[in-house]
Trainee: 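Supplied in structure tokens, the structure appears directly below.
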Amino acid sequence: AQKVTQAQTEISVVEKEDVTLDCVYETRDTTYYLFWYKQPPSGELVFLIRRNSFDEQNEISGRYSWNFQKSTSSFNFTITASQVVDSAVYFCALRTSGTYKYIFGTGTRLKVLA
Amino acid sequence: SAVISQKPSRDICQRGTSLTIQCQVDSQVTMMFWYRQQPGQSLTLIATANQGSEATYESGFVIDKFPISRPNLTFSTLTVSNMSPEDSSIYLCSVGSDVSVSYTFGSGTRLTVV
């Protein structure tokens with residue numbers, strides 16, 4: 001079975017704090033893709049990053065960084081020096097090579113307080 | 001990546017009526033999907049819109065309730081029929097191509113049924 005777990009339902013931080021959003025996935029496939037999307041209050045889904053199962057290199061993009069650990073089946077997302085504009089719901093998703101479907105986690109609502 | 005125009009962005013509808021949501025893409029895409037996001041929930045795939053043939057529905061979703069059309073590679077519609085308050089959700093269109101692992105999402109239609 002394929003599954004994505006985002007155990008943190010809601011996180012509140014004060015602006016400039018660092019925050020890590022957790023994502024744990026389950027799949028038996030050896031080739032798969034992991035994603036993070038941001039959903040601001042306006043409702044659209046904004047693509048943040050994709051990671052392939054065969055590429056365990058961690059990624060940094062500005063204040064965002066992602067830690068992919070196959071050994072623990074985790075793909076965690078860290079925001080450094082958070083800002084109020086980071087307030088949104090963040091979704092982790094999984095797609096395996098044999099299907100076009102995304103499996104979404106339940107999302108983590110991040111509130112960054114000024 | 002493709003640019004999606006989804007209309008309407010929001011609507012308030014009376015129970016028992018139907019609403020058709022449009023998804024227009026600025027380029028030809030192979031894959032088009034429709035998702036539902038109930039309040040405070042994750043995204044659930046409704047169906048894959050197939051060009052020139054009937055849509056492929058996920059478990060729990062039926063064509064009579066969510067008829068889908070896809071007349072060409074750049075356009076699709078989703079109709080929510082005989083609406084009830086339980087249909088109040090955000091409905092999102094998503095597109096991708098065979099070579100694209102990452103899908104693009106529309107801005108969503110926020111539907112409220114009263």
Side-chain angles (χ1 to χ4, degrees), chain A residues 1-10 21 23-25 27 29 31-55 59 61 66 68 75 88-111, chain B residues 1-11 21 23 25 29-51 55-61 70 88-112:
Chain A
Q2 328 235 6
K3 187 178 179 182
V4 175
T5 301
Q6 293 180 258
Q8 303 152 310
T9 305
E10 184 170 314
L21 309 182
C23 174
V24 174
Y25 63 93
T27 180
D29 289 1
T31 301
Y32 53 88
Y33 310 93
L34 296 163
F35 307 84
W36 276 96
Y37 283 85
K38 174 182 179 180
Q39 187 178 42
S42 51
E44 76 273 21
L45 250 66
V46 178
F47 169 77
L48 296 178
I49 192 171
R50 180 192 86 219
R51 245 323 162 240
N52 307 327
S53 57
F54 44 86
D55 181 3
E59 179 93 5
S61 175
W66 291 268
F68 178 31
F75 185 43
V89 180
Y90 291 86
F91 289 99
C92 181
L94 165 71
R95 177 188 161 193
T96 57
S97 62
T99 176
Y100 292 108
K101 300 179 188 178
Y102 276 22
I103 306 297
F104 281 91
T106 50
T108 297
R109 180 178 299 277
L110 175 64
K111 293 184 177 180
Chain B
S1 60
V3 176
I4 301 173
S5 173
Q6 188 173 335
K7 296 178 181 179
S9 59
R10 59 177 62 232
D11 207 341
I21 303 168
C23 178
V25 191
V29 292
T30 308
M31 315 299 297
M32 293 184 81
F33 308 92
W34 287 98
Y35 284 85
R36 181 177 74 180
Q37 185 181 19
Q38 295 177 300
Q41 303 296 313
S42 187
L43 285 80
T44 301
L45 181 63
I46 297 172
T48 302
N50 301 311
Q51 192 254 332
T56 304
Y57 289 84
E58 297 298 305
S59 176
F61 296 97
R70 188 175 175 193
S88 298
S89 298
I90 297 175
Y91 293 86
L92 296 112
C93 168
S94 176
V95 304
S97 66
D98 285 339
V99 298
S100 167
V101 176
S102 307
Y103 297 155
T104 302
F105 285 80
S107 54
T109 296
R110 194 179 296 267
L111 171 63
T112 302

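Every chain is numbered from 1 and lettered A, B, ... according to where its sequence line falls, protein lines coming before strand lines. Just so it is clear, the model here is predicted, and its values are computed rather than measured.
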Trainee: Is chain B contacted by the side chain of A:S42, its backbone, both, or neither, given a heavy-atom distance below 4.5 Å?
Mentor: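 For A:S42, backbone heavy atoms alone lie under 4.5 Å from chain B.
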Trainee: What is the distance from atom OH of A:Y100 to atom OG1 of B:T56, rounded to the nearest 0.5 Å?
Mentor: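 It is 12.0 Å, given to the nearest 0.5 Å.
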Trainee: Taking atom CG of B:L43 and atom OG1 of A:T106, what is their separation to the nearest 0.5 Å?
Mentor: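 One finds 11.5 Å between CG of B:L43 and OG1 of A:T106.
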Trainee: Under 6.0 Å from the NZ atom of A:K101, do we count more than 12 heavy atoms belonging to anything else shown?
Mentor: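 It does not: A:K101 NZ has 12 such atoms or fewer within range.
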Trainee: Non-hydrogen atoms of chain A under 4.5 Å away: do they reach the side chain of B:E58, the backbone, both or neither?
Mentor: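 Only the side chain of B:E58 comes within 4.5 Å of chain A.
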Trainee: Looking at B:S42 and A:F104, what are the two nearest heavy atoms and their distance?
Mentor: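 What the structure gives for the nearest pair is OG-CB, 3.3 Å.
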Trainee: So, for A:F91 and B:Q37, which heavy atoms are closest and what is the spacing to 0.1 Å?
Mentor: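 That would be CZ-NE2, 3.3 Å.
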Trainee: Distance check, rounded to the nearest 0.5 Å: B:S102 atom OG versus A:I49 atom CD1?
Mentor: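 Here the rounded value is 10.0 Å.
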Trainee: Measure the spacing between OH of B:Y103 and CZ of A:R95 and express it to the nearest 0.5 Å.
Mentor: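 That separation rounds to 3.5 Å.
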Trainee: Using 0.5 Å steps for rounding, measure from the CG atom of B:L45 to the OH atom of A:Y102.
Mentor: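 That separation rounds to 11.5 Å.
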Trainee: Can you tell me which of A:G107, A:G105, A:S97 forms the most heavy-atom pairs within a distance under 4.5 Å of chain B?
Mentor: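 Winner by heavy-atom pair count: A:G105.
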Trainee: Heavy-atom pairs under 4.5 Å with chain B: which of A:Q6, A:E44, A:R109 has the most?
Mentor: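 Of A:Q6, A:E44, A:R109, A:E44 has the most heavy-atom pairs under 4.5 Å with chain B.
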